Amino acid sequence: MRKPFIAGNWKMFKNIKEAKEFSEKFLKLYVPSDVQVAICAPYTQLSTLVESFKGTAIKVGAQNMHYEESGAFTGEISANMLKEIGVDYCIIGHSERRQYFAETDETVNKKLKKAFEYNILPILCVGEKLEERDAGKEFDVVKAQVIKALDRIPEASIEKLTIAYEPVWAIGTGRNATPEQANEMCGFIRSVIAELYSQETADKVIIQYGGSVKPSNITELMNMYEIDGALVGGASLNPTDFIEIVNF
Ligand code: PGA
């Protein structure tokens with residue numbers, strides 16, 4: 001059985017004070033359950049959140065990392081640095097990084113390898129743009145992203161992988177994919193993993209849906225067989241909304 005996994009993606013929102021306020025409110029509402037919860041925050045809030053969630057099952061994630069060990073990469077953060085402060089997860093290949101920061105399938109692949117090396121659990125984001133869906137190419141696009149991202153990554157690591165299917169047209173637009181569309185693509189991604197590795201391994205991979213997830217649509221999404229969780233942007237900023245999503 002795959003454990004449901006709800007992760008928040010705060011993007012470039014909140015300062016340390018606001019992160020503390022969030023965690024205080026969230027912890028008052030949070031009841032431990034079999035749902036894995038993580039919050040992926042900006043770098044400067046990570047230590048604060050690790051401290052706030054100490055002794056709970058709530059995990060903390062970053063939103064990006066560099067693929068090199070260390071070096072002259074001004075402005076970058078390594079997997080080692082994240083591990084040192086107690087970060088467990090890292091989003092890799094979010095569409096906003098692909099769009100605005102020249103993230104490619106090749107850098108995504110290198111980052112995944114480095115994350116696994118440091119036992120940072122990656123949340124790999126894939127998803128098609130609107131014009132690609134309109135052209136009927138969504139399955140080809142997502143398949144290519146998955147294959148390139150996982151190039152030469154050993155099967156033993158794949159069991160620790162989370163994949164977030166995030167159609168670009170659904171992110172921050174208020175227009176979520178229908179549960180059927182999301183379920184179909186999550187199932188397709190699982191079949192790609194099964195082809196690359198084995199059905200047994202594919203059955204262990206957590207596959208989330210992301211894109212305008214909110215309290216009002218989480219239940220129908222989570223009722224779909226292939227959807228194991230959600231990557232939540234806007235609605236993860238508010239502790240009341242996020243707890244409703246966690247308690248789908
Ligand atoms: P959204 O963002 O929930 O605000 O659409 C999701 C994401 O970008 O991960």
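Just so you know, ligand 1 is whichever comes first in the structure, and atom 1 is the first atom listed for that ligand. A quick note: this is a predicted structure, and the numbers were derived from the prediction, not measured.
- Numbered from 1 in the order shown, with element, the atoms of ligand 1 that lie under 4.0 Å from a heavy atom of I171 read 2 (O), 5 (O), 8 (O).
- Those atoms of ligand 1 that come under 4.0 Å of a heavy atom in G211, given as number and element, are 5 (O).
- The pair K110-E68 does not meet the salt-bridge criterion, since no charged nitrogen lies less than 4.0 angstrom from a carboxylate oxygen.
- Between the side chains of E128 and W169, at least one donor-acceptor pair of N or O atoms lies under 3.5 Å.
- Using a 4.0 Å cut-off between charged nitrogen and carboxylate oxygen, K83 and E117 do not count as a salt-bridge pair.
- Under a 4.0 angstrom heavy-atom cut-off, G210 registers as lying outside contact with ligand 1.
- Applying the 4.0 Å criterion to heavy atoms of L231 picks out, from ligand 1, the atoms 9 (O).
- Ligand 1 lies less than 4.0 angstrom from a heavy atom belonging to H94.
- When ring centroids are compared, F5 and Y89 come within the 6.0 Å threshold.
- At least one N/O-N/O distance between G234 and ligand 1 falls below 3.5 Å.
- Salt-bridge formation is detected for the pair E21/K17: a Lys NZ or Arg NE/NH1/NH2 atom is positioned less than 4.0 Å from an Asp or Glu carboxylate oxygen.
- Contacts with ligand 1 closer than 4.0 Å are made by side-chain heavy atoms of N9 only, the backbone lying farther away.
- For the pair A235 and ligand 1, no heavy-atom separation below 4.0 Å is found.
- Ligand-side atoms of ligand 1 in range of K11: 2 (O), 7 (C), 8 (O), range being under 4.0 angstrom from any heavy atom.
- Ion pairing of D105 with R98 is present here, as a side-chain N (NZ or NE/NH1/NH2) and a carboxylate O approach within less than 4.0 Å.
- Here the protein heavy atom with the shortest distance to atom 3 (O) of ligand 1 is G233 N, 2.8 Å.
- When non-hydrogen atoms are compared, ligand 1 lies under 4.0 Å from neither the backbone nor the side chain of A164.
- Summary of contacts: the protein heavy atom closest to atom 7 (C) of ligand 1 is E166 OE2, 3.1 Å.
- Looking at heavy atoms from C-beta onward, V35 lies in side-chain contact with P4 at the 4.5 angstrom threshold.
- If you check the side chains of Y209 and E226, you find no donor sitting under 3.5 Å from an acceptor.
- Counting the atoms of ligand 1 from 1 in the order shown, those under 4.0 Å from a heavy atom of A170 are 5 (O).
- For the residue pair Q99 and H94, no side-chain donor N or O sits within less than 3.5 Å of a side-chain acceptor on the partner.
- Residue G172 has at least one N or O atom closer than 3.5 Å to an N or O atom of ligand 1.
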